[in-house]
Amino acid sequence: MRSEEIHQRRVAAVARGVGSTLSAYIDHASGGTLTDVDGRDWIDFAAGIAVTSVGNSAPRVVEAVRRQVERFTHTCFMVAPYEAYVAVCEQLNELTPGGFEKRSALFNSGAEAVENAVKIARYHTRRPAIVVFDHGYHGRTNLTMALTAKNMPYKNGFGPFAPEIYRAPMSYPLRDGLDGPAAAARAIDMIEKQVGASNVAAVLIEPIQGEGGFVVPAPGFLPALAAWTRDAGAVFIADEIQTGFCRTGDWFASSHEGVEPDLVTTAKGIAGGLPLAGVTGRTSIMDSVHLGGLGGTYGGNPIACAAALATIETMRELDLAAAALHIGSRITTRLSALNHPAIAEVRGRGAMIAVELPDADVTALVVRDCHANGLLVLTCGTYGNVLRFLPPLVMPDDVLDRGLDILTTALQSVSK
Ligand SMILES: *Cc1c(COP(=O)(O)O)cnc(C)c1O
């Protein structure tokens, strides 16, 4: 088997700390299936972690990338600027929640976007403290490791971490039983007592937690927190890196509760698989930073920008926000109908759905069964006991249903 041969080479060449969910090596992929070098197929419920929402090799993206590669691959926007960067910023300013005037800056990865949002918030407020939440995930760089909650595998042994990061309790309805306002009051009390409102530069939160377990906060939690943050003179940052770009059935998840973040970080689904990230927000905050204070060699690379523009066009044309709602309700209907005793909760929004299972061992069994039978699924959650589903938003119903057949069979096998 070719995959096995490549794997031997990998073991001898690739650092052990870099893991892979699947043991097979991919040859090609489309809007819903991955095919390995031996011709085996997997239905894709991962989308490269919520990245290929428009599918792998979406026609518009392929064409836009091809055209851009032929024109130029890189000049560095800080050296010799080009239109596509400006056009992506225009799109971000228009699509992110909030009717106010905005500016954007582009980067390479989600972690880099979060780092820059923190830089901007600190510069603007001249305050040090950043408030984050239990189960939160914001990346793997030094600052974003400090912002991320979970020790293994993200932080263990990699410290010391950046200072002035404070962790507040998250609203986690299944586990805390609190309504949104009560959960917000609990978090705010912690911030006021342990950090002090006047020290807070930013409150940074995922509107629905990704790696942390697809935790959807109780209604009212996010609006209350955003209101408190504004009153405190701090910056409310929504990390929409996983939830953004139609994934939850709207362009951005903050909109489901009418929350208008001061800053929004984006990445993952933005560019059809090419590395691109952004920070978008109020002009008064974004433009407080001195000239030259933001940037990076590759940030807003022209190929990635061309891909982003084609991705956004595809999302508009195919109405992928509606597709996300359709996919989500199809998944939820199937899983709820199972009435499975091991499922503690089916939750999520749009095509960002998870099931919480009793423990990590049961979850690993289901995952193994799915992978053996041709379905790629991911886990998440602080306790490793959450299965998450992030299919490409262009996945046809028949492929989705075949994936759900494999999934439900795998789930039924663990209850026996
Ligand atoms: C994936 C993710 C990040 C980090 O993005 P990278 O591109 O992996 O650096 C940050 N925040 C959230 C919510 C994410 O899901």
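Note that ligands are numbered from 1 as they come in the structure, with each ligand's atoms numbered from 1 the same way.
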Open item on the list: Check R60 with E317, please: is the shortest side-chain N to carboxylate O separation under 4.0 Å?
Closed with: yes
Task: Close aromatic pair by centroid cut-off 6.0 Å: F389 and F214 - done: no
Task: Ring centroid separation Y298 to F107 under 6.0 Å - done: no
Open item on the list: Going by the rule ring pair (Phe, Tyr, Trp, His ring centres under 6.0 Å), which residues pair with Y172 if we only count those two or more places apart in sequence or in a different chain?
Closed with: H135
Task: 4.5 Å side-chain heavy-atom contact, I205 and D239 - done: no
Please produce the table of protein N or O atoms sitting under 3.5 Å from N or O atoms belonging to ligand 1, one pair a line, distance to 0.1 Å.
from     : atom 1 : to   : atom 2 : distance (Å)
ligand 1 : 7 (O)  : G110 : N      : 2.7
ligand 1 : 9 (O)  : G110 : N      : 3.3
ligand 1 : 9 (O)  : A111 : N      : 2.8
ligand 1 : 11 (N) : Y137 : O      : 3.4
ligand 1 : 11 (N) : D239 : OD1    : 3.4
ligand 1 : 11 (N) : D239 : OD2    : 2.7
ligand 1 : 15 (O) : Q242 : NE2    : 2.8
ligand 1 : 15 (O) : K268 : NZ     : 2.7

Open item on the list: Whether E356 and R347 form a salt bridge (side-chain N of Lys/Arg under 4.0 Å from carboxylate O of Asp/Glu) is what I want to check.
Closed with: yes
